[in-house]
Protein chains: 2
Amino acid sequence: MSKSSSSLADLPVLQDEPVPCCPPITAGELSVEDSEKMAAMFKALADPVRLRLFSKIASHPGGEACVCDIQDVGVSQPTVSHHLRKLREAGLLTSQRRGTWVYYTVAPSVVAGMAAMLDLRG
Amino acid sequence: MSKSSSSLADLPVLQDEPVPCCPPITAGELSVEDSEKMAAMFKALADPVRLRLFSKIASHPGGEACVCDIQDVGVSQPTVSHHLRKLREAGLLTSQRRGTWVYYTVAPSVVAGMAAMLDLRG
DNA sequence: CAGAGATATCGACAGACATCGAAGCAGTGG
DNA sequence: CCACTGCTTCGATGTCTGTCGATATCTCTG
């Protein structure tokens with residue numbers, strides 16, 4: 001169709017910029033603001049279905065997978081879509097439409113940021 | 001107090017034993033069982049208040065702190081207690097009474113397990 | 001033992017969340 | 001232009017969770 005309507009394609013991206021976000025949790029008390037940011041990320045992974053979707057994507061070559069490849073996790077397709085959206089909104093995944101299919105990709109720097117935060121050693 | 005007295009003492013262990021739990025998320029699809037275990041841990045950190053309590057403890061010397069030292073997070077005392085219990089039930093903290101006070105300690109191996117799971121590289 | 005301080009548990013409630021079916025939107029192909 | 005497939009959005013619903021005040025438990029002290 002004519003112009004690209006606002007959907008999926010032109011979402012607030014969050015592509016893959018380096019997001020340091022938060023220091024290791026041993027580095028001192030988390031600010032209220034940081035704790036809210038981090039909590040949102042952990043919340044995104046705090047569901048078995050999302051965790052399985054995420055692991056399916058992360059373990060695909062290139063950390064990328066089509067929805068059609070991963071949607072067999074025991075819940076309805078709308079529910080899968082809902083969970084993928086949550087993961088995307090948390091910045092852990094990005095999505096991209098290619099023809100008929102939509103591909104979701106892991107955002108490595110964001111995930112690395114979470115891991116870094118859990119680095120004890122202090 | 002008829003039943004339901006599952007208090008602190010007779011919890012299903014989870015004390016501090018090394019819990020490898022789960023492989024890195026890139027290592028293949030998570031099993032349903034593993035995804036539930038991990039989701040429970042992430043859920044424990046998926047709240048701003050818990051995250052701040054946890055960071056306060058983790059950043060204390062020895063990764064240990066008295067409740068009285070950390071309970072100033074903007075919610076009531078019962079709520080603090082509730083959150084600490086959640087963290088303990090998830091295996092992220094252990095608790096120990098010393099005289100009048102109760103000390104909570106970070107369970108390093110469990111936290112390390114979560115961090116390891118978020119290790120991309122595949 | 002009584003009293004006081006530190007934590008934990010209980011019971012209630014409002015808001016958040018996972019889930020579903022139905023409907024909508026976007027490409028593909030006849 | 002229409003049917004078809006893949007995915008998202010919508011609206012409803014039951015369950016879970018964070019929060020509080022009240023109260024119970026534990027421990028030290030007088």
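Treat the numbers as computed from the prediction; the structure is a model and nothing was measured. In the text below, chain A, chain B and the rest are named by the order of the sequence lines, each starting its count at 1.
At the phosphate of D:dG6, neither OP1 nor OP2 sits under 4.0 Å from any side-chain N or O atom of A:R97. Residue B:R98 has no polar side-chain atom (N or O) positioned under 4.0 Å from OP1 or OP2 of C:dA6. Put simply, B:K43 has no side-chain N or O that comes within less than 4.0 Å of OP1 or OP2 on D:dC16. Within the structure, a side-chain polar atom (N or O) of B:Y104 is placed less than 4.0 Å from OP1 or OP2 of C:dA8.
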Distance-only criterion, 3.5 Å: show the donor-acceptor pairs between side-chain atoms of residues 38-59 of chain B and protein atoms not counting sequence neighbours.
| from | atom 1 | to | atom 2 | distance (Å) |
| --- | --- | --- | --- | --- |
| B:D47 | OD1 | B:V49 | N | 2.8 |
| B:D47 | OD1 | B:R50 | N | 3.2 |
| B:R50 | NE | B:A44 | O | 2.6 |
| B:R50 | NH1 | B:H83 | ND1 | 3.0 |
| B:R50 | NH2 | B:K43 | O | 3.1 |
| B:R52 | NH1 | B:V73 | O | 3.4 |
| B:S55 | OG | A:L30 | N | 3.0 |
| B:S55 | OG | B:R52 | O | 3.1 |
| B:S59 | OG | B:S55 | O | 2.7 |
| B:S59 | OG | B:K56 | O | 3.4 |

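Residue pairs meeting the salt bridge (Lys or Arg N to Asp or Glu O under 4.0 Å) criterion with at least one partner in residues 68-84 of chain A, sequence neighbours excluded, do not occur; the list is empty.
Summarising the geometry, the separation between CG on B:D47 and C1' on C:dG15 is reported as 13 Å, rounded to the nearest angstrom. Remark: P of D:dG18 and CG of B:L45 are 12 Å apart, rounded to the nearest angstrom. The interatomic distance linking A:E89 (CD) with C:dC17 (C1') rounds to 13 Å, in whole Å. When the C1' atom of D:dT27 is taken as reference, atom CD of B:Q96 falls 16 Å away, rounded to whole Å.
Residues of residues 79-86 of chain A that place a heavy atom closer than 4.0 Å to DNA chain D, in numerical order, are A:S81, A:R85. Residues of residues 66-77 of chain B having a heavy atom closer than 4.0 Å to DNA chain D, listed by number: B:V75, B:S76.
Here the OG-NZ distance, from B:S81 to B:K86, works out to 13.0 Å after rounding to the nearest 0.5 Å. Atom CD1 in B:I70 sits 9.5 Å away from atom CD in A:E29 (nearest 0.5 Å).
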Checklist entry - Between B:V106 and B:L93, is a side chain to side chain contact (heavy atoms under 4.5 Å, CB included) present by the stated rule, with each step listed? => result CA-CA 5 Å; B:V106 171; B:L93 295 178; 4.1 Å; yes
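Partners of B:A116 according to the side-chain contact (heavy atoms from CB on, under 4.5 Å) rule, which considers only residues two or more places apart in sequence or in another chain, do not exist here. Partners of B:S76 by side chain to side chain donor-acceptor pair (under 3.5 Å), not counting sequence neighbours, listed by chain and number: B:T79.
Among B:Q96, B:R88, B:E64, the one residue that satisfies the side chain to side chain donor-acceptor pair (under 3.5 Å) test with B:T105 is B:E64.
The nucleotide whose nearest atom lies closest to any side-chain atom of A:R50 is, among D:dT8, C:dT7, C:dA18, C:dA18.
For the pair B:R85 (side chain) and B:L87 (backbone), a donor-acceptor distance under 3.5 Å is absent.
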